[in-house]
Trainee: 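First, the structure itself, so that you have it in front of you.
Numbered from 1 within each chain, the chains take letters A, B, ... in sequence-line order.
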2 protein chains.
Amino acid sequence: MKLSASARFAEALQQRGKRMTRQRQLIVQQVFSHHDHFDADELLDHLRPLLAQRKLSRPTVYRTLAELVEAGLLRKMSLGGRSIYEHEYGYPQHDHLYCQQCNRLVEFHSEELNRVCAAVAAEHQFELSGHRMLVVGICASCRQPK
Amino acid sequence: MKLSASARFAEALQQRGKRMTRQRQLIVQQVFSHHDHFDADELLDHLRPLLAQRKLSRPTVYRTLAELVEAGLLRKMSLGGRSIYEHEYGYPQHDHLYCQQCNRLVEFHSEELNRVCAAVAAEHQFELSGHRMLVVGICASCRQPK
DNA sequence: GTGACTGCAAAGTCTTTGCACGCGG
DNA sequence: CCGCGTGCAAAGACTTTGCAGTCAC
């Protein structure tokens, strides 16, 4: 069942009458080269050599990120005014702990949280489609004396 | 114990060697005239007559919002790229349901959610300082056939 | 071939800042 | 009167868009 991200993207594009281009290939490869959270700027940084070589451009990166979100390969969230992306394809649902000192995100999963969501939605007659949970605090290493 | 928001703001300003001005007064009055979520743009809309009369200016509104957040009277959160504000002073802690169709926010409170937060933080050795929870779905009225 | 995609530059959107004047305490 | 606060205009950060040429299919 597990296609590579780039193959899955090609498939999703085709379904919508869109095309897999060299630029999109390069971006998808970079995005899925390792599992991490990132914003557009960080991605642009990683792609800097390719930008310098004129293999792709800034607007194309933004446009492709949007395509990846639409295709369900990436999830977009906003944190402190900027857009953060993370892998959605082939990665289990989870939420985040956020260290307000070092800005790191740590993933966690909680079944109990899902139950709370369902209960709250039911109570307010909402049709639940998802949730966004951020637990904010200070991580272990930031709390330690230097 | 309950000062008016504007009195509480004046007090907070004083403690920091800052001043209560006519502009800040006007903004605080508008902000606390009713309990609701709003973004800078909506607030600016409500203040439009005052802006037109040159009683205050756009940058001052932004600066005052930041003061109110620092003073602990407002809470700032970001949703879909824009900053949303809500009353923090004299208002119980709560989270939100978000209707993705009509964009309305509905408040809820869950003790169980707080317990989950504490548990997750403890498990990851985080010092908990708060959380942000958004339950996303479609509200009752949006689900109804028109 | 033909229509989606790209690069460029330019425009948006929302928010912040520099500076000279004005006013609160 | 001192110096914080304000208004103005302009700059910023980040992202999007219009358009003419290019490339995938």
Trainee: Whole angstroms only, please: what is the CG-C1' distance between A:Asp39 and D:dA13?
Mentor: 12 Å
Trainee: What is the separation between atom CG on A:Asp45 and atom P on D:dC14, rounded to the nearest whole Å?
Mentor: 11 Å
Trainee: Strictly below 4.0 Å, heavy-atom distances to any atom of DNA chain C: list the hits from residues 56-63 of chain A, or just say none.
Mentor: A:Leu56, A:Ser57, A:Pro59, A:Thr60, A:Arg63
Trainee: What is the separation between atom CG on A:Asp41 and atom P on D:dG12, rounded to the nearest whole Å?
Mentor: 16 Å
Trainee: Hey, can you tell me if B:His46 and B:His34 have their rings parallel, tilted or perpendicular (30° and 60° cut-offs)?
Mentor: perpendicular
Trainee: Hey, which of B:Tyr62, B:Phe38, B:Phe32 is the one that makes ring-ring contact (aromatic ring centres under 6.0 Å, His included) with B:Tyr85?
Mentor: B:Phe38
Trainee: Over the length of the helix from C:dG1-D:dC25 to C:dG25-D:dC1, how much do the five-pair end axes diverge, rounded to 10 degrees?
Mentor: 40°
Trainee: Can a salt bridge be assigned to the pair A:Glu70 and A:Arg16 using a cut-off of 4.0 Å between side-chain N and carboxylate O?
Mentor: yes
Trainee: Considering residues, nucleotides and ligands other than B:Gln14, do more than 12 of their heavy atoms fall under 6.0 Å from its CD?
Mentor: no
Trainee: Under 3.5 Å, which N/O atoms of the protein pair with N/O atoms of nucleotides 21-25 of chain D?
Mentor:
| residue | atom | partner | partner atom | Å |
| --- | --- | --- | --- | --- |
| D:dA24 | OP1 | A:Arg22 | NE | 3.3 |
| D:dA24 | OP1 | A:Arg22 | NH2 | 3.1 |
| D:dA24 | O3' | A:Met20 | O | 3.4 |
| D:dA24 | N3 | A:Arg19 | NH1 | 3.3 |
| D:dC25 | OP1 | A:Met20 | N | 3.3 |
| D:dC25 | OP1 | A:Met20 | O | 3.4 |

Trainee: Heavy atoms, side chains only, cut-off 4.5 Å: are B:Met77 and B:Ser83 in contact?
Mentor: no
Trainee: Taking any atom closer than 4.0 angstrom to a non-hydrogen atom of chain B, what span of DNA chain C does the protein reach, first nucleotide to last?
Mentor: C:dC14 to C:dG25
Trainee: How are the rings of A:His37 and A:His94 set relative to one another: parallel (under 30°), tilted (30 to 60°) or perpendicular (over 60°)?
Mentor: perpendicular
Trainee: Side chains of A:His35 and A:Glu107: does their closest heavy-atom pair fall under 4.5 Å?
Mentor: yes
Trainee: Any side-chain donor paired with an acceptor under 3.5 Å for A:Glu86 and A:His96?
Mentor: yes
Trainee: Decide yes or no for B:Leu97 and B:Arg104: does some side-chain heavy atom of the first lie under 4.5 Å from some side-chain heavy atom of the second?
Mentor: no
Trainee: Within this structure, what is the CD-to-P distance between A:Glu42 and D:dA13, rounded to whole angstrom?
Mentor: 17 Å
Trainee: Would you give me the side-chain donor-acceptor pairs under 3.5 Å for residues 50-60 of chain B, sequence neighbours excluded?
Mentor:
| residue | atom | partner | partner atom | Å |
| --- | --- | --- | --- | --- |
| B:Ser57 | OG | B:Thr60 | OG1 | 3.2 |

Trainee: Does a side-chain heavy-atom distance below 4.5 Å link B:His87 with B:Val31?
Mentor: yes
Trainee: Run the side chain to side chain contact (heavy atoms under 4.5 Å, CB included) test against A:Ser6 and tell me which residues pass, sequence neighbours left out.
Mentor: A:Ser4, A:Gln25, A:Val28
Trainee: Show the numbers, then the answer: is there a side chain to side chain contact (heavy atoms under 4.5 Å, CB included) between A:Leu3 and A:Tyr89?
Mentor: CA-CA 10 Å; A:Leu3 283 71; A:Tyr89 178 61; 3.7 Å; yes
